[in-house]
Amino acid sequence: MLKRTLIDLLTQAAAEAQRTGKLPSITLPKIVIERPQNTEHGDYASSLPLKLARVTRLNPLTIANDLVSFIAPNPKVGQVVATAPGFINFTLKSDWLARQVEVILKADETHDNTKLETAGRVQIEFVSVNPTGPLHVGHGRGAILGSTLANVFAAAGYRVEKEYYINDAGNQIDAFYRSLYTRYQQYLGEVAEMPEDGYLGDYMVDLVREIMAGNDDRFRHLPKPEIASGLGKLGLEKIIGQIKADLELLGVSFDVWFSEQSLHEGGQYQEALSRLQQGGYLSEKEGATWFVSTALGEDKDNVVIRSDGSPTYFATDIAYHYDKFLKRKFDTVINIWGADHLGHVSRMKAAVAAMGIDPEQFKVITSQMVTLRRGGELVRVSKRSGDIITLRELVEEVGADACRFFFLSRTADSQMDFDLELAKKQSADNPVYYVQYAYARITSILRLARERGINYENGDVSLLTTEPELTLIRKMLLLPEIVELIANTLEPHHLTYYAQDLATVFHRFYKQCRVVSSNKALSKARLKLVEAAKTVLSRTLHLMGMTAPEKM
RNA sequence: GCGCCUAUAGCUCAGCGGACAGAGCAUCGGUCUUCGGAACCGAGGGUCGUGGGUUCGAAUCCCUCUAGGCGCGCCA
């Protein structure tokens, strides 16, 4: 990593400055290397002198000049200059940059796999929607966030598992069973009223029809409760199947489908609760059992076992996280929840802490609401009302690539409007096409070279010296930093901005530098560069879960 | 009422305590046209919601207020 190199150089320079008395012997502040937004300030910069000036009361520019004089020569680093008010700017060497083309080609798609020291086993749990109805648009946001983060973590050297938690127990499932049974009665022509808390969507009617298709008498001779549960189980299976299929459309898959029910059957529920009990975190009150989260700074306690003896959702979720951390021993657990679960975040963190787990290992991303608009009209998305826009409808209308890019390009913690009309109408102007077009252009150039029988294996990359060429290389070298940034901040939206930047510098290079020309040596060198760009752009698109089209 | 999130160009949004606040779309003007014009170049457009504070330095950190969203159940 370049930043690492520069930090080392600065650390050594500072030590040398202290040894020679130019700098007082104080403990150095954390050295931060940033990328200046103005390219005139070089490739990297540090404001270390400004920070040192504060503690040493010396002139920052003087410190900067002194440090620069102590910076050891390095094959990667060219110019190092001190500038007012107290920055040190680094510029990378052009010949080193050019050589990176070979490095990228040699390493292929894995070139940016950074091995972070902290890398370990990480679990990302996302979507985890109750299997009581189809996925809607908001779920798509979580699905895309989660699957992209998983890609990024894998690229950063972590061992990642993607998991879907199936809520196959509890009240909502019960309501689902009762709703389905009612629809079944109606299907048979009986008069039956949907339950108060039922699922009213038409999909429930379709579901019954589907289950009964060609098998009308399968429940005929069974007693009522058995019909309800038999029907319910079949319905669940079908809906889970639909959820899987819908996610597949978006390019989202899971390694583990984890059953809530299994926490009760496998004993984790009991173990988790007795662990809390032993820690003194449970108390009896009003006939129920409470988790005393106020002891951990929460504003209120929460019920874990109702007065009728049944566990709350919170209780099973505690058991679930007990299983994640203490049974399966993940180093990091990331949950992606919708904004409607906000109230659950802090008490869950408290519960994790109560089980003796380092809260740093537990991260929750809450993705804010997505409101749908059709033209000017707002569409409220609710699963229980009949009026829903499903994720499937959205993907079929807009396309998976555009969908992914659109959702990814906003930070998770800001709410977003998704205007279906606009998404369709502007599809030609959608940045996704801009980025993919760059990729198609690249493959087209390489195709031409192949058709002309140009073998560029022996191309000499030291011929790559012009500004558009070096700018492209600089941008390509940024990807590992983006991957690291996202792994640390859990903010995958940076990828979309990077993809557009990369496409832009490629288009600019293309415009200014003829690749296949009469200058054979230069052609070969540039073909190598184009091939490297293809690798990096393809990598970027795949991290986002998008396709890299050869033609469009 | 309490907690969390959001407020930056006409629109949609980036912006890690640092150097004149950026991009896409839209608007206006230009380029070239043998490798894909779904391209490239340029211009205009901003009291970074308001008011304070910390700092050498704030869109970024702290507090006030305003507006919008979400949450505050023995629902999940």
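Throughout, protein chains are lettered first and strands after them, A, B, ... in sequence-line order, and every chain is numbered starting at 1.
- Nucleic acid contact for A:Leu448: sugar-phosphate only, since backbone atoms but no base atoms lie under 4.0 Å from a heavy atom of the residue.
- Near-neighbour residues of RNA chain B inside residues 308-318 of chain A, defined by a heavy atom below 4.0 Å, number-ordered: A:Thr312, A:Tyr313.
- Among the heavy atoms of the strands lying under 4.0 Å from A:Arg508 are primed sugar atoms or P, OP1, OP2 only; no base atom is included.
- Across all strands shown, B:rU60 forms no Watson-Crick or G-U wobble pair with both distances under 3.5 Å.
- Aromatic stacking is marked for A:His41 over B:rA19, as both cut-offs hold: 5.5 Å for the centres and 30° for the planes.
- Here B:rA21 sits opposite no nucleotide as a Watson-Crick or G-U wobble pair (both hydrogen-bonding atom distances under 3.5 Å).
- Stacking of A:Phe87 onto the six-membered ring of B:rA19 is present: less than 5.5 angstrom between centres, less than 30° between planes.
- Residue A:Arg306 has a polar side-chain atom (N or O) positioned under 4.0 Å from OP1 or OP2 of B:rA76.
- Between A:Arg452 and A:Ser409, the residue anchored closer to the 5' end of RNA chain B is A:Ser409, taking for each the nucleotide with the nearest heavy atom.
- For A:Lys233, the NZ atom is loosely surrounded, since the number of other residues' heavy atoms within 6.0 Å does not exceed 12.
- When the side-chain nitrogen and oxygen atoms of A:Gln37 are compared with OP1 and OP2 of B:rA19, one or more of them lie within a distance under 4.0 Å.
- Residue A:Arg526 is classed as having no contact, given no heavy-atom separation below 4.0 Å to the nucleic acid.
- Base pairing of B:rG46: no nucleotide in any strand meets the Watson-Crick or G-U wobble criterion (both distances under 3.5 Å).
- Contacts of A:Arg54 with the nucleic acid, taken as non-hydrogen atoms under 4.0 Å apart, include base atoms.
- The residue A:Ala438 sits apart from the nucleic acid: no heavy atom pair falls under 4.0 Å.
- Between the side chains of A:Gln436 and A:Asp401, a donor-acceptor pair is found at a separation under 3.5 Å.
- Using bins of under 30°, 30° to 60° and over 60° for the plane-to-plane angle, the ring pair A:His341/A:His344 lands in the perpendicular bin.
- Between A:Phe418 and A:Phe406, the gap from one ring centroid to the other is short of 6.0 Å.
- Closest-nucleotide positions on RNA chain B for A:His494 and A:Arg441 were compared, and the one nearer the 5' end corresponds to A:His494.
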Would A:Lys324 and A:Glu125 count as a salt bridge (charged side-chain N to carboxylate O under 4.0 Å, His left out) here? Give the steps. CA-CA 10 Å; A:Lys324 290 183 183 190; A:Glu125 182 224 318; 2.8 Å; yes
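- For A:Lys363, there are no salt bridge (Lys or Arg N to Asp or Glu O under 4.0 Å) partners at least two apart in sequence or on another chain.
- Under 4.0 Å is where a charged nitrogen must lie from a carboxylate oxygen, and between A:Arg35 and A:Glu481 at least one such pair does.
- Counting only heavy atoms from C-beta on, A:Ser444 has its side chain closest to B:rG36 among B:rG36, B:rC40, B:rG24.
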